[in-house]
There are 2 protein chains.
Amino acid sequence: MGISERKEREKSYRREEILDAAQKVFFEKGLTAATMDEIAETAELSKGTLYLYYKCKEDLYLGVMMRGMQILHDRLADVIAKNRPVPQTLADLAQAFFDFFNAHRNYFRMLHFLQSPQLHKQATEEMQTNCRTLNHQTWELVIDLLRRGIRDGSVRPDLNPAEVLVILWSSATALLLRIDSEDDRWHERFHIDLVQTLNLSNALLFGAIFTEQGRRQLAESSVL
Amino acid sequence: MGISERKEREKSYRREEILDAAQKVFFEKGLTAATMDEIAETAELSKGTLYLYYKCKEDLYLGVMMRGMQILHDRLADVIAKNRPVPQTLADLAQAFFDFFNAHRNYFRMLHFLQSPQLHKQATEEMQTNCRTLNHQTWELVIDLLRRGIRDGSVRPDLNPAEVLVILWSSATALLLRIDSEDDRWHERFHIDLVQTLNLSNALLFGAIFTEQGRRQLAESSVL
DNA sequence: CGTAGAAACTGACCATTAGTCATTAACTGA
DNA sequence: TCAGTTAATGACTAATGGTCAGTTTCTACG
């Protein structure tokens with residue numbers, strides 16, 4: 001019978017509508033300053049209704065955050081799907097991450113929520129698991145790429161791909177975070193441009209994880 | 001006249017007592033879950049009195065955080081004061097940071113507060129400035145060391161010391177943050193030990209920023 | 001139709017808590 | 001001893017996350 005299906009559709013549509021409202025408010029105010037009353041008003045619903053669809057404020061936040069994670073995942077998957085040589089693909093991934101950072105700054109700022117137990121402790125286990133699963137999927141994409149690089153001789157075979165991933169990912173996100181919040185200060189105080197520093201960091205790490213052949217491949221394609 | 005001086009002493013002593021109480025509560029509960037009432041009770045003062053000494057909850061938090069930053073600063077300064085060769089000193093600094101992370105986990109967890117405008121926006125400008133100044137001082141220590149390394153030929157002269165600092169600092173803190181909150185998950189899911197990964201990260205970056213001579217120096221002293 | 005029952009929705013209400021301020025207590029100096 | 005200053009108090013306010021009894025809307029069936 002089609003009615004229960006329609007109900008399901010409406011229900012998940014309503015969930016998305018609520019996320020739309022939450023996103024608007026979280027983007028403007030951040031987690032703490034955003035209020036459930038304002039989200040309810042933006043969604044043109046009563047506060048009580050929000051709680052029929054999401055257990056708590058933090059779950060709403062994670063819901064919005066997952067949209068951002070999905071966008072990032074898709075962008076990176078696109079890059080990998082192009083199937084260019086591994087070294088060039090890694091450079092493209094770094095660029096895609098940077099593009100995501102610029103195009104979706106508000107989502108980027110939410111991504112660190114998962115990192116701090118202090119903050120996400122209140123979210124439901126289920127929501128946290130959903131986020132982490134998506135995270136892991138994205139990481140697996142890159143790990144697979146690194147494995148390919150090891151097989152084709154462009155990535156050092158003595159390195160564990162998962163270790164390489166977490167090193168690249170951590171240093172990139174840490175520097176982007178600084179670019180987001182401290183770029184001016186580093187410019188004034190130390191006369192450096194953190195975007196340039198991010199490129200340097202990637203160059204240093206790429207140089208360290210590629211084989212001689214991998215470095216040659218990257219240099220050739222970068223020259224063009 | 002000695003009385004006004006004694007009053008000053010008592011005032012700053014009281015400020016420290018309040019920080020002691022705040023520290024205890026923040027360590028146990030974190031910023032959000034800690035309440036001013038509990039801090040007041042722990043300090044055996046009324047809540048109103050807290051606000052005579054600190055403008056807001058966030059200032060108290062930053063006050064406690066600065067204690068941690070000072071400890072870290074002192075540890076790193078100690079290492080640098082030993083005046084070992086630059087490459088070995090950098091390795092020692094990495095180890096000292098890791099030791100700080102282990103010995104003062106609660107302080108470490110507070111350090112990321114400054115990074116997120118969402119969070120520290122409410123703290124007074126003055127308190128934020130104090131924190132950043134201390135931060136800069138610590139960074140200057142390392143930048144000076146890197147300059148020395150460039151002069152003595154152990155660090156690549158084509159790199160900007162401030163850029164090298166922020167790369168090393170960011171990747172180290174980012175990995176420590178993951179070790180703190182995600183070590184188990186990385187172990188289970190990807191079968192890697194993030195502490196080992198941190199060492200790998202440092203090794204890769206050191207290899208990339210040292211000259212041939214610097215790498216030799218490090219290898220020699222590490223062998224011992 | 002009409003109605004019983006289910007599902008969706010509401011907003012007044014509660015509990016918690018950051019921050020305030022009029023009042024009180026303690027101290028100082030003459 | 002006392003006027004004036006400084007320190008401390010805690011009842012109070014406003015804001016806000018979350019709840020739930022009651023209302024409305026929808027569905028299925030006689």
Side-chain angles (χ1 to χ4, degrees), chain A residues 1-19 21-22 25-26 28-64 113 118-124 127, chain B residues 1-22 25-26 28-64 113 118-124 126-127:
Chain A
M1 128 140 9
I3 284 181
S4 69
E5 281 149 24
R6 196 199 67 210
K7 285 256 181 173
E8 274 312 305
R9 255 199 332 276
E10 282 174 356
K11 218 161 164 175
S12 74
Y13 182 70
R14 177 58 49 97
R15 272 179 77 90
E16 287 305 309
E17 281 186 321
I18 290 174
L19 272 196
V25 179
F26 283 137
E28 273 172 25
K29 310 268 178 93
L31 172 63
T32 312
T35 71
M36 292 302 275
D37 281 306
E38 188 176 352
I39 292 171
E41 199 177 352
T42 304
E44 296 177 299
L45 288 169
S46 73
K47 185 160 61 162
T49 304
L50 296 192
Y51 285 95
L52 293 177
Y53 289 86
Y54 291 90
K55 275 275 192 351
C56 61
K57 196 186 184 189
E58 285 70 24
D59 269 22
L60 263 178
Y61 196 80
L62 285 186
V64 176
F113 185 71
Q118 282 302 329
L119 296 176
H120 69 246
K121 209 175 356 188
Q122 312 200 46
T124 60
M127 215 53 176
Chain B
M1 115 148 13
I3 284 183
S4 68
E5 282 149 25
R6 195 200 68 211
K7 285 255 183 176
E8 274 312 306
R9 256 201 329 275
E10 282 175 356
K11 219 162 161 172
S12 73
Y13 182 71
R14 175 58 49 97
R15 272 180 75 91
E16 287 305 309
E17 281 186 321
I18 290 174
L19 271 196
D20 289 341
V25 179
F26 283 138
E28 274 173 23
K29 310 269 179 90
L31 172 63
T32 312
T35 72
M36 293 301 276
D37 281 306
E38 188 176 352
I39 292 171
E41 198 178 351
T42 304
E44 295 177 300
L45 288 169
S46 73
K47 183 160 61 164
T49 304
L50 296 192
Y51 284 95
L52 293 177
Y53 290 86
Y54 292 90
K55 275 273 189 357
C56 61
K57 196 186 182 188
E58 284 71 23
D59 269 21
L60 264 178
Y61 196 80
L62 286 186
V64 176
F113 185 71
Q118 283 302 332
L119 296 175
H120 69 246
K121 210 174 355 187
Q122 312 200 45
T124 60
E126 187 195 354
M127 214 52 176

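Residue numbers begin at 1 in each chain, while the letters A, B, ... track the order of the sequences.
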For [X] against [Y], the heavy-atom pair lying closest together:
X        : Y       : value
A/Lys57  : A/Leu31 : NZ-O, 2.7 Å
A/Met127 : A/Asp59 : CE-O, 3.4 Å
B/Met36  : B/Leu60 : CE-CD1, 3.7 Å
A/Ala40  : A/Leu50 : N-CD1, 3.8 Å

(request) Ignoring backbone atoms, establish whether B/Ser46 has a side-chain N or O less than 4.0 Å from OP1 or OP2 of D/dA8. (result)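 No, no such contact exists.
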
(message) Looking at B/Tyr53, I'd like to know whether one of its side-chain N or O atoms comes within less than 4.0 Å of OP1 or OP2 on D/dA8.
(response)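 B/Tyr53 to D/dA8 OP1/OP2: side-chain N or O found under 4.0 Å.
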
Quick one: [X] [atom1] to [N] [atom2], roughly how many Å, whole number?
X       : N      : atom1 : atom2 : answer
A/Leu50 : D/dG17 : CG    : P     : 11 Å
B/Tyr51 : D/dA11 : OH    : C1'   : 15 Å
B/Leu60 : C/dG19 : CG    : C1'   : 13 Å
B/Glu41 : D/dA8  : CD    : P     : 18 Å
A/Met36 : C/dT16 : CE    : P     : 19 Å
B/Asp37 : C/dA18 : CG    : C1'   : 9 Å
B/Leu31 : C/dT17 : CG    : P     : 13 Å
B/Tyr13 : D/dA7  : OH    : C1'   : 17 Å

Indicate, with a heavy-atom threshold strictly under 4.0 Å, whether [X] touches base, sugar-phosphate, or nothing.
X       : answer
A/Leu52 : base
B/Ala33 : nothing
A/Tyr54 : nothing
A/Thr35 : sugar-phosphate

(message) Counting only heavy atoms not in B/Lys121 (residues, nucleotides, ligands), do more than 12 fall under 6.0 Å from its NZ?
(response)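 More than 12 heavy atoms, drawn from other residues, nucleotides or ligands, come within 6.0 Å of this atom.
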
(request) Flag yes if more than 12 heavy atoms outside A/Glu44 fall under 6.0 Å of its CD atom; otherwise flag no. (result)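 At most 12 heavy atoms, drawn from other residues, nucleotides or ligands, come within 6.0 Å of this atom.
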
(message) So for A/Lys47 and D/dG18, does any side-chain atom that can act as donor or acceptor lie under 3.5 Å from a complementary atom in the base?
(response)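 It does, because a donor-acceptor pair links the side chain of A/Lys47 to the base of D/dG18 below 3.5 Å.
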
(request) Give the nucleotide from the list D/dG18, C/dC9, D/dA8 with an atom nearest to the side chain of A/Glu58. (result)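 The closest nucleotide is D/dG18.
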
(request) Could you check A/Thr49 against B/Leu45 and say which one's nearest nucleotide on DNA chain D is further toward the 5' end? (result)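 The 5'-side residue here is B/Leu45.
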
(message) I'd like to know if A/Glu38 pairs up with A/Lys29 as an ion pair, taking the criterion as any Lys NZ or Arg NE/NH1/NH2 lying under 4.0 Å from an Asp or Glu carboxylate oxygen.
(response)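 Result for this pair is yes, salt bridge flagged.
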
Dump every N/O contact between nucleotides 4-6 of chain D and the protein below 3.5 Å, one line per pair.
none

